[in-house]
2 protein chains.
Amino acid sequence: MNKIENYRHLLRDLEEGLLKELTEKGRILEAKAGQVLLQTGQNIRNTMIVLDGLVKLYRENEEGSEFFMYHLNAGEGCALSLICDRTIKASAVTAKADTDAVLLVVPVEVTENWMRQYRTWYHFVVGTYRKRYEELLETIDHIAFQNMDERLEFYLRRHSKALGTKVLDLTNTQIAQELNSSREVVSRLMKKLSEQGKVRLLKQGIELLKI
Amino acid sequence: MNKIENYRHLLRDLEEGLLKELTEKGRILEAKAGQVLLQTGQNIRNTMIVLDGLVKLYRENEEGSEFFMYHLNAGEGCALSLICDRTIKASAVTAKADTDAVLLVVPVEVTENWMRQYRTWYHFVVGTYRKRYEELLETIDHIAFQNMDERLEFYLRRHSKALGTKVLDLTNTQIAQELNSSREVVSRLMKKLSEQGKVRLLKQGIELLKI
DNA sequence: TGTCGCCTGTGATTTATGTCACGGGCTGCT
DNA sequence: AGCAGCCCGTGACATAAATCACAGGCGACA
């Protein structure tokens, strides 16, 4: 089990030869929820593609706060790890498995060549970069232009969409960290959202209603 | 004048055939300082490379505030306009000539093919995307983790570096808009910086000292 | 049962920032 | 000269958010 073949539907856009190489040269990595996959400052030696589960990307500051950037869902690749040239650069972000996850890992020496060799790989990489760039833009919008209440709503919507569920198993503490805010603030805002009927606060987790 | 040949030193990394195509299929665009080159919502039909002058990229919100993202210097390309696939997407940013500028403009139908055809073009595009992605990350750091005073210093440093001068001809009003703050706040902080000896406030402009 | 470690809620206070309301300077135009 | 349209600085105030201090709930475990 956990062979690449099991995940073909995710890679259906890739041409045959590439799939073959992926199978030969790629390695499957199983990660437990919470496991750190890529750490700030660490060198990037491998291209990573998520095959199953959910990965979260963070930007870290000097004190170690982890600011949430975006999710990687099954079928998506880590933009930073897709393009590395010769000049293998240190990672500027932290990637962490949010659920148990399965990753496809390929050395950058290999994927570098695919870029010219396989048209579909090129499309995959370009599409990934574009998408992540736009996701960063959206993140910037929110921190630059919006107040915490709107940012909180956006955060909840994003998580609901990525996880495909209306019930989020998150603590206020955790949300506060990822928004670079404080628990008390999130607690108060969450109460407001609940009074507005936008969420229901469960003993364990948050149910999104009209949000 | 203003032939592509004059800017060869900027494009020195590109292979011969590509330079030839650039010369044949590219078009020179001269822009006046302040001219808008790419507007939010506008379709991207051309790849743009800055040959001379300085271009500023902004993210706009609904009310029309323009949040400064980063500069494009001579020799640099607009990341968004480099990758467009078939699915020509609307621009999510505004680009504006900060000084008088000269741009090299090539239809995306043409550059799309270069990606596979010319190795040096591929490197150029990938390098551009990487750099812009990292520049966005840096921007996020600052708005997510820092106070206005540090953000202001960063803004000034960035501008000094991009313009290659220690004297910036900017008004407080303009700075406030680009940081999405207010004139009064910038005014007070600028006074503080001047008291700390980090800048000198000229009648016309700001001189950076130990910053 | 007690206590530890997690979580939550909430008032009081402080701080950073945005907003309002001034006054005043400089330039260019008529 | 007089006015319009920029720009700047500054005090007073309003607001969002962070911080402090506390109390209490709940599950794990000895």
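Lettering follows sequence order; numbering is per chain, from 1.
- Between C/dC7 and A/Asn172, no contact under 4.0 Å exists linking OP1 or OP2 to a side-chain N or O.
- Here the closest heavy-atom approach between residue B/Phe145 and residue A/Arg59 is recorded as CZ-O, 3.8 Å.
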Tell me which donor-acceptor pairs under 3.5 Å the side chains of residues 181-203 of chain A have, and how far apart each pair is, sequence neighbours excluded?
{"from": "A/Lys198", "atom 1": "NZ", "to": "A/Glu153", "atom 2": "OE2", "distance (Å)": "2.9"}
{"from": "A/Arg200", "atom 1": "NE", "to": "A/Glu207", "atom 2": "OE1", "distance (Å)": "3.3"}
{"from": "A/Arg200", "atom 1": "NH2", "to": "A/Glu207", "atom 2": "OE1", "distance (Å)": "3.1"}

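- Every residue meeting the ring pair (Phe, Tyr, Trp, His ring centres under 6.0 Å) condition with B/Phe154, not counting sequence neighbours, appears here in chain and number order: B/His142.
- Between B/Thr173 and D/dC8, a side-chain N or O to OP1/OP2 separation shorter than 4.0 Å is present.
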Check the interface with nucleotides 25-27 of chain C: list each N/O to N/O pair with the protein under 3.5 Å, or write none.
none

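- Remark: B/Asp13 pairs with no residue by the salt bridge (charged side-chain N to carboxylate O under 4.0 Å, His left out) rule, at least two apart or across chains.
- Within the structure, every pair that satisfies the salt bridge (charged side-chain N to carboxylate O under 4.0 Å, His left out) test and touches residues 73-82 of chain A, not counting sequence neighbours, is listed here: A/Glu76-A/Lys131, A/Glu76-A/Arg132.
- Atom P of nucleotide D/dG24 and atom NZ of A/Lys203 are separated by 24 Å, given to the nearest angstrom.
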### Query
Along nucleotides 10-24 of chain C, 5' to 3', which nucleotides get a B, which get an S, and which get a -, given that the test is a protein heavy-atom distance under 4.0 Å?
BBB----SBBBB---

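- Whole-Å rounding puts the B/Met190 CE to D/dC8 P distance at 9 Å.
- Taking every heavy atom of both residues into account, B/Trp114 and B/Glu21 meet most closely at NE1-OE1, 3.0 Å.
- Applying the ring pair (Phe, Tyr, Trp, His ring centres under 6.0 Å) rule to B/Phe124 yields the partners B/Trp121; only residues at least two apart in sequence or on another chain are considered.
- As rounded to whole Å, 15 Å separates atom P of C/dC6 from atom CD of A/Gln204.
- Rounded to a whole Å, the CG atom of A/Leu202 is 20 Å from the P atom of D/dG25.
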Could you pull out all donor-acceptor pairs under 3.5 Å where a side-chain atom in residues 50-58 of chain B meets a protein atom, sequence neighbours excluded?
{"from": "B/Lys56", "atom 1": "NZ", "to": "B/His159", "atom 2": "NE2", "distance (Å)": "2.8"}
{"from": "B/Lys56", "atom 1": "NZ", "to": "B/Glu178", "atom 2": "OE1", "distance (Å)": "2.8"}
{"from": "B/Lys56", "atom 1": "NZ", "to": "B/Glu178", "atom 2": "OE2", "distance (Å)": "3.3"}
{"from": "B/Tyr58", "atom 1": "OH", "to": "B/Glu178", "atom 2": "OE2", "distance (Å)": "2.6"}

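- Applying the side chain to side chain donor-acceptor pair (under 3.5 Å) test to B/Gln174 and every residue at least two apart in sequence or in another chain returns nothing.
- A/Lys161 is linked by a side chain to side chain donor-acceptor pair (under 3.5 Å) to nothing, counting only residues two or more places apart in sequence or in another chain.
- Note that the two end axes of the helix from C/dT1-D/dA30 to C/dT30-D/dA1 enclose an angle of 10°, each drawn from 5 base pairs, rounded to 10 degrees.
- Every residue was checked against the salt bridge (charged side-chain N to carboxylate O under 4.0 Å, His left out) condition with A/Asp169, not counting sequence neighbours, and none meets it.
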